[in-house]
Amino acid sequence: MNILILGSGGRESAFAYKLSKSPRLNQLFIAPGNAGTGQYGQNIDLKVTDFEGIGAFALANHVDMVLVGPEEPLVKGVHDFFLGREELKHIPVIGPQQEGAQLEGSKDFSKEFMQRHGVPTAAYRSFDQSNLQEGLAYLETQKLPIVLKADGLAAGKGVLICETLEDAKAELKAMIADAKFGAASAVVVIEEFLKGIELSVFVLTDGTSYKVLPSAKDYKRIGEGDTGLNTGGMGSISPVPFADESFLSKVEERIIKPTVDGLKKDNIPYKGFIFIGLMNVDGEPFVIEYNVRMGDPETESVLPRIESDLVDLLEGVAQGNLAQRSYTVSPKTAVTVVLVSGGYPGDYESDKEITNIENVEDAIVFHAGTKEVDGKVVTAGGRVLAVTTLQDNLFDALQQATADAGRIFFERKYFRRDIGFDLI
């Protein structure tokens, strides 16, 4: 098969790595890709939202399947674009159509969906310009801390946890009246704060049947000990030690089945990944959010543990017979440590040469924010590389990933040396 991956980050590098292992793969294209994806396939200079360009490329290069990495093209309707063109509709797109993508594209839509189908989640109400005063009054009746979420996509920045009523009121006004997050916060979801431990469970579905992918936990804060500013993710581990069989069976019965069945009941076709962000509250799972694609850096920990042929699984999604496809997962533990540019998530410099990647001892290095200039690999983003190792136990995996992260060099490199150590 000829497969086109859309995206350019660590997640897409992990997809490219995994697909390249399949004997069923003929040619692999990554649009736009990065300095590392070129080792698995051919990078194509196309933006993920250039649907006309993507469609023309897919036809000219006999692409048999499109795998969508990030959320933006899904929310903007890349799947619908292919279905709507006579010459493209035979090419399956892995990722939901625009309506299904609203599970991530609109917090209000996803909360209504969960409420409708009995999926456990935090209590909430939504407000906009028309009932802002009501929203301010509602805050006075709620327990603190309280969570405010911009309804639309806000590049991971649209969620605020407010410790005081004054803060909550000021932020609600800033989000709605002053468009703090642009159009994304025209509607704001006010949500009960859940106290517990976060983790993620990933599902691959053809719209009827599904495979539960390995659980993962990521680390969002820039500083060790989970301190400092939020980032796109500083590392991840899989499996999650506290997500035992009993907890995961609750997740499947109370959350995964009602979600997949709910999409069918609502006549929302869905072929692709569902990322379920969970809070473990005293052993009970609650959904914090849905995403309609794999997470980053969780993908870099999850995919290396899947022993099955990913091309075969994705074909099962496309053909609607995923239930018949073989699926096995390694019992080993994966740990991913992310290397970032100095200053991230604030201002940082790019174009720093990266060296010593070849010196890692027992890890896969997934490129995220990198590019090639004059034959050299240089930094081109905040999160630069993701170093993943697979070992027999969590302690060995933590030691190896941290050691290998230390072997790579670029100016002002930074990474957390404590990823996963809270779970030992």
Side-chain angles (χ1 to χ4, degrees), residues 1-7 11-12 14-26 28 63-69 71 74 78-80 82-83 89-101 103-104 113 117 119 200-216 238-239 248-249 251-276 290-295 298-299 301-330:
M1 292 180 77
N2 293 341
I3 298 178
L4 170 62
I5 299 172
L6 299 185
R11 166 184 47 219
E12 290 75 33
F15 274 134
Y17 161 82
K18 189 67 182 166
L19 293 174
S20 72
K21 303 279 184 203
S22 171
R24 309 238 356 249
L25 182 74
N26 179 33
L28 182 62
V63 166
D64 299 300
M65 180 187 290
V66 178
L67 171 59
V68 185
E71 65 278 12
L74 293 168
V78 67
H79 195 145
D80 312 69
F82 270 69
L83 288 174
K89 67 181 185 186
H90 68 284
I91 302 173
V93 175
I94 306 299
Q97 293 165 45
Q98 203 163 15
E99 189 180 10
L103 279 181
E104 179 168 359
F113 175 90
H117 298 294
V119 175
S200 306
V201 170
F202 301 90
V203 178
L204 181 62
T205 181
D206 59 10
T208 303
S209 62
Y210 58 84
K211 304 284 190 196
V212 182
L213 306 183
S215 64
S238 175
L248 289 173
S249 70
V251 172
E252 186 163 7
E253 289 303 315
R254 299 178 195 174
I255 293 165
I256 296 172
K257 282 181 182 170
T259 297
V260 175
D261 290 347
L263 289 163
K264 279 175 72 176
K265 282 179 193 159
D266 290 351
N267 294 314
I268 299 173
Y270 199 108
K271 288 180 181 286
F273 295 96
I274 308 174
F275 165 135
I276 304 171
Y290 290 117
N291 290 332
V292 297
R293 36 73 194 183
M294 289 293 282
E298 297 97 330
T299 309
S301 293
V302 168
L303 288 187
R305 293 190 58 224
I306 296 174
E307 295 175 329
S308 318
D309 185 333
L310 185 58
V311 173
D312 186 60
L313 289 170
L314 296 180
E315 188 180 61
V317 171
Q319 295 179 357
N321 55 18
L322 180 61
Q324 296 159 32
R325 307 290 171 139
S326 151
Y327 175 60
T328 55
V329 172
S330 166

Open item on the list: Working note: Asp261 + His117, criterion side chain to side chain contact (heavy atoms under 4.5 Å, CB included); need CA distance, chi angles, decisive distance, verdict.
Closed with: CA-CA 9 Å; Asp261 290 347; His117 298 294; over 6 Å; no
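- Between the CG atom in Leu248 and the CD atom in Glu252 there is a gap of 9.0 Å [rounded to 0.5 Å].
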TODO: Report the C-alpha distance between Met294 and Leu213 in whole Å, list the side-chain angles of each, state the deciding distance to 0.1 Å, and finish with yes or no for side chain to side chain contact (heavy atoms under 4.5 Å, CB included).
DONE: CA-CA 10 Å; Met294 289 293 282; Leu213 306 183; 4.1 Å; yes
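- Closest of all the heavy-atom pairs between Asp312 and Arg24 is OD1-NH1, 3.6 Å.
- Ser215 places no side-chain N or O within donor-acceptor distance of the main-chain N or O of Ser200, the cut-off being under 3.5 Å.
- Here Lys211 contributes atom NZ and Ile306 contributes atom CD1; the two are 11.5 Å apart, rounded to the nearest 0.5 Å.
- Looking only at side-chain heavy atoms (C-beta outward), Val203 and Thr259 stay at 4.5 Å or farther from each other.
- Between Asp309 and Pro23, some side-chain heavy-atom pair lies under the 4.5 Å cut-off.
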Task: side chain to side chain contact (heavy atoms under 4.5 Å, CB included) assessment of Ile276 paired with Tyr290 - done: CA-CA 5 Å; Ile276 304 171; Tyr290 290 117; 4.2 Å; yes
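- For the residue pair Ala216 and Val302, the shortest heavy atom distance occurs at CB-CG2, 3.9 Å.
- Val260 and Gly207 make their closest contact through CG1-O, 4.1 Å (heavy atoms, listed as atom of the first residue, atom of the second, distance).
- Proximity of Thr208 to Lys264: side-chain heavy atoms (C-beta onward) are separated by under 4.5 Å at one or more points.
- Counting all heavy atoms, side chain and backbone alike, Tyr327 lies closest to Val212 at OH-O, 2.9 Å.
- The two atoms that bring Val311 and Met1 nearest to each other are CG1-SD, 3.7 Å, heavy atoms only.
- The closest side-chain heavy-atom distance from Leu74 to Glu104 is not below 4.5 Å.
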- [ ] Begin with the C-alpha distance, continue with both residues' side-chain angles, and end with the deciding distance and a verdict on side chain to side chain contact (heavy atoms under 4.5 Å, CB included) for Met65 and Ile94.
- [x] CA-CA 8 Å; Met65 180 187 290; Ile94 306 299; 3.9 Å; yes
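- Using modelled atom types, one side-chain atom of Asp64 and one backbone atom of Asn2 make a donor-acceptor pair closer than 3.5 Å.
- Shown here for Val317 and Gly272, the closest heavy-atom pair between the two residues is CG1-N, 3.8 Å.
- A donor-acceptor pair is defined here as one N or O able to donate and one able to accept, closer than 3.5 Å; no such pair exists between the side chain of Arg11 and the backbone of Gly295.
- Annotation: side chain of Leu263 is not in contact with side chain of Thr205 (no heavy-atom distance under 4.5 Å).
- Taking the side chain as every heavy atom from C-beta outward, Tyr270 and Val292 approach each other to under 4.5 Å.
- Rounding to the nearest 0.5 angstrom, the gap separating the CZ atom in Phe82 from the CD atom in Gln97 is 13.0 Å.
- Counting heavy atoms from C-beta outward, Ser209 and Gln324 have side chains that stay 4.5 Å or more apart.
- Distance check: Leu310 CG to Ser22 OG gives 8.0 Å after rounding to the nearest 0.5 Å.
- Looking at Leu67 and Phe273, their side chains come closer than 4.5 Å, going by heavy atoms from C-beta outward.
- To the nearest 0.5 Å, the span separating CG on Asp80 from NZ on Lys89 amounts to 14.0 Å.
- Atom-to-atom distance recorded for Gln98:CD and His79:NE2 is 12.0 Å, nearest 0.5 angstrom.
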